[in-house]
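What follows is one structure encoded as structure tokens, with my remarks underneath.
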Amino acid sequence: MNRRRRIYEGKAKILYEGPEPGTLIQHFKDDATAFNNKKHEVIEGKGVLNNRISEHIFLMLAEIGVPTHFLKRLNMREQLIQEVEIIPVEVVVRNIAAGSIAKRLGIDEGTRLPRSIVEFYYKSDDLDDPMVTDEHITAFGWANPQELDDMMALALRINDFLTGLFLGIGIRLVDFKIEFGRLEENDTLRIVLADEISPDCCRLWDIETDEKLDKDLFRRDMGGLVDAYQEVAQRLGILAESRPAAGSGPVLVTDNSN
Ligand code: TMP
């Protein structure tokens, strides 16, 4: 396993060559970073939880017809995915003002936005992921107009679905970031959901208490990240009801691998 060829290492994940051509293995690390890597910590158990939460969400999205890169989970930290050409644009969907939009536009955190707002950011660590418009995306050829339309439509469908999914388990979906890739299928290119959807890239607030259940706990030095991610996993039905004893790590339901 350790001799696998590493294709790419990001802040929270590693991509290895997969067993078949056109596949990759996506490995979830315990590393947490914020502010473009200026803040970094290793949080034991985070990768395992994100792997499971993201698997669960990608499988549900596939059920409603959202095409994704996900093939199957391989073990506690890894999933088999289809190799795609990542579009270098982060798509953020916001329902409630928080984080950068609250600061940029002077809106109180927690204010419901007039409607869901989609934003784009150019994926560039050197430039700190600057916000861009659809004009930049098509002019610079990061995606063509049809691909951009597909990304917008999928982002809004994903938002509707996830909003309902989380509402059903007492969680408000404040905002999230997703990434898309191009997948070659029968000589045509198709836009599919890639990367991950986990509490690392969403803002999730408890409906009753407004308690944060996402990576803002790390960004804002509030602590309790693994407990919060476990809470999300448990409410999604991925984790056993009984809380594991402190230090014993997450206990996963129906985990028959590794
Ligand atoms: P923002 O309010 O900081 O712009 O973040 C919007 C959403 O995108 C939030 O759910 C966190 C997520 N996000 C990432 O996943 N990666 C990033 O690099 C940033 C800046 C935000």
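Atoms within each ligand, like the ligands themselves, are counted from 1 in listed order. The analysis underlying the following values was restricted to heavy atoms, covering all of them including side chains, and did not include hydrogens, waters or symmetry mates. All of these numbers come straight from a predicted model, not from anything done at the bench.
- In Ala98, the part holding a heavy atom less than 4.0 Å from any atom of ligand 1 is the backbone.
- Interface of Phe176 with ligand 1, defined as ligand atoms under 4.0 Å from a residue heavy atom, comprises 10 (O).
- Taking the six-membered ring for Trp, His69 and Phe58 have ring centres closer than 6.0 Å.
- Taking atom 17 (C) of ligand 1 as the reference point, the nearest protein heavy-atom neighbour is Glu90 OE1, 4.1 Å.
- What sits closest to atom 1 (P) of ligand 1 on the protein, heavy atoms only, is Ser100 OG, 3.4 Å.
- Atom numbering of ligand 1 starts at 1 in the shown order; those under 4.0 Å from a heavy atom of Gly99 are 2 (O).
- Exactly one residue among Asp200, Asn51, Asp31 makes a side-chain hydrogen bond (donor to acceptor under 3.5 Å, both in side chains) with Lys46. That residue is Asp200.
- Judged purely by distance below 3.5 Å, without hydrogens or angles, the side chains of Asp206 and Thr209 pair a donor atom with an acceptor atom.
- The pair Glu179-Lys123 meets the salt-bridge criterion, with a side-chain N (NZ, NE, NH1 or NH2) lying under 4.0 Å from an Asp/Glu carboxylate O.
- Checking atom 12 (C) of ligand 1 against the protein gives a heavy-atom contact under 4.0 Å.
- In the model, Thr133 has no side-chain atom that pairs as donor or acceptor with a side-chain atom of Glu135 under 3.5 Å.
- Considering only non-hydrogen protein atoms, atom 9 (C) of ligand 1 sits nearest to Asp175 OD1, 3.1 Å.
- Atoms of ligand 1 lying under 4.0 Å from at least one heavy atom of Cys201, given by number and element, are 10 (O), 12 (C), 15 (O).
- Nearest protein heavy-atom neighbour of atom 14 (C) of ligand 1: Lys177 CE, 3.7 Å.
- For ligand 1, the atoms closer than 4.0 angstrom to any heavy atom of Cys202 are 10 (O).
- For the pair Arg4 and Tyr16, the cation-pi test (distance below 6.0 Å, angle within 45°) is passed.
- Side chains of Glu78 and Asn75: a donor on one and an acceptor on the other come within 3.5 Å.
- A donor-acceptor contact closer than 3.5 angstrom is absent between the side chains of Arg73 and Ser54.
- Of the candidates Arg219, Arg203, Lys215, Arg94, it is Arg219 that places a heavy atom closest to atom 21 (C) of ligand 1.
- For the pair Ala34 and ligand 1, no heavy-atom separation below 4.0 Å is found.
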